[in-house]
Amino acid sequence: MTAQIRPGPAPAGTLAAPPSKSMAHRAVLCAALADGESRLANLAHSQDIDATLGAAAAFGARVEAGESAARITGAHPLRAPQAPVDCCESGSTLRFLIPLAALTGRPVTFTGRGRLMQRPQSVYQELFDARGLRFEQRDGALTAAGPLAPGAFELAGDVSSQFVSGLLFALPLLDGESTLRLRPPVESRSYIEMTRAAQRHFGVESRWLDENTLAVPGGQVYRPQEMAIEGDWSQAAFPAVLGALAGEVTVAGLEAGTLQGDAVILDILRRCGGRAEQTPAGFRFAKGALRGVEIDLADCPDLGPILMVLGLFCEGETVIRNAGRLRLKESDRIAAMEQELRKFGGDIRSDGGTVTVRRSALHPPAGPLWGHNDHRVVMSLTVLAAAAGLPAEIAGAEAVAKSWPGFFAAMRQLGVEVESYAG
């Protein structure tokens, strides 16, 4: 699919933030582990969430998913799937489920698409190898087998928090207490806290023994619950930046006291000189005189691509640090954004995990842009073209279906002139 963006009026209006994809993954799995029926409200379908719903069913849960809600009757204990589990391109689905697969007593095979099966799994490889457990990656598939036993676990704290969350889902179901030590520095701590919050909602607890060590009591039971999924700050960042660059946009359905690390977009925009405030209708983002700042991505890596776009409009220099993990996402997001922003005349360069962006005199790209099979790249390029008032075509725009299938409709709701068509 190709998306065509045409110059139009300044973007303005109000839209509802889509439900948090990060919290939805966690809620679906907690419900799938519970002994009874749980009901999840404000659940939006996307390729990633559908992958987790499908995986929950594969492990024995009964899943009845409607347009914006789901009823899930948990499988306690989990049953090993009869066929390989397709995680599509969802890193959360794969990494959350691997430790749970080790509880079933049988080998479980996972498959995926795009770059998913190429993304690093060495954290689990080392953990399984150290315990004499099966962990194999070959021919585009990954097979894991237990039994996982309680004990002391140690992981690097500067890798994806998805590995930590995966263990947190499984360890409470073991017979004895476990400890999970994270070697500092610990990044993406907010995502770990989101996992713990979802577990608490379903009756499962863990506690910090110190800044880097979690104690996880065994013999716990996930209890069925009702839960409404909160709005997604990660996705809200795209209309938020659009408003701060070119118009006035209000995003409804966001919680001020959220655990989501990407809510830091509020602080970042304010430090840059953007106007961001909470109103009765939602969070309002409006154009301001913007200046470059230093940004640390350690706890909010998903904001990386849209912050690179923001830097093009900020006076002076924007320096984005601790961005190295962006190279291991659906695309190498640093290389992808460098390639595409330069087509607009963007001044952007990288040195390892540090990205520097300067205010740039932008022009229409000479040819089509490429979405790099990455939803956040496509959405960021759309915001750039709309904010700069420049015509652009983005090939591979169907990637938005991974996390926000209604993204282009939301942009049109704000007055952005965007049309998508096959090709």
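From a predicted model like this one, the values you see are computed outputs, not experimental measurements.
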(message) Please evaluate residues Asp299 and Val264 with respect to the criterion side chain to side chain contact (heavy atoms under 4.5 Å, CB included), reporting the C-alpha separation (whole Å), side-chain torsions for both, the decisive distance (0.1 Å), and the verdict.
(response) CA-CA 9 Å; Asp299 201 39; Val264 74; over 6 Å; no

(message) Test side-chain hydrogen bond (donor to acceptor under 3.5 Å, both in side chains) on Ser403 and Gln235; report intermediate values, then the result.
(response) CA-CA 8 Å; Ser403 63; Gln235 307 292 49; 3.0 Å; yes

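A salt bridge is absent between Asp210 and Arg181; no separation between the charged side-chain nitrogens and carboxylate oxygens falls under 4.0 Å. Classification of Asp296 and Arg321 as a salt-bridged pair fails, no side-chain N sitting under 4.0 Å from a carboxylate O. Under the 4.0 Å criterion applied to side-chain N and carboxylate O atoms, Lys329 and Asp374 are not assigned as salt-bridge partners. Salt-bridge annotation for Glu419 and Arg6: present, with a side-chain N of the basic residue lying under 4.0 Å from a carboxylate O of the acidic one. Note on Lys402 versus Glu89: no salt bridge recorded, every NZ/NE/NH1/NH2 to OD/OE distance being 4.0 Å or above. The pair Arg134-Glu136 meets the salt-bridge criterion, since a charged nitrogen lies less than 4.0 angstrom from a carboxylate oxygen.
Gln121 CD to Leu142 CG: the interatomic distance, rounded to the nearest 0.5 Å, is 6.0 Å. For the atom pair CZ (Arg223) and CD (Gln225), the distance works out to 9.0 Å, reported to the nearest 0.5 Å.
Here the options are His375, His372, Arg115, the test is side-chain hydrogen bond (donor to acceptor under 3.5 Å, both in side chains), and the partner is Glu330; only His375 passes. When each of Val164, Val159, Ile98, Leu167 is tested with Val123 by the rule side chain to side chain contact (heavy atoms under 4.5 Å, CB included), just one qualifies, namely Val159.
Among all heavy-atom pairs drawn from Ala55 and Leu97, the shortest one is CB-CD1, 3.3 Å. Between Ile265 and Ala237 the shortest heavy-atom distance is CG1-CB, 4.1 Å.
In terms of modelled atom types and a separation under 3.5 Å, the side chain of Thr179 and the main chain of Leu214 share no donor-acceptor contact.
For Tyr222 and Phe202, the distance between ring centers is not under 6.0 angstrom.
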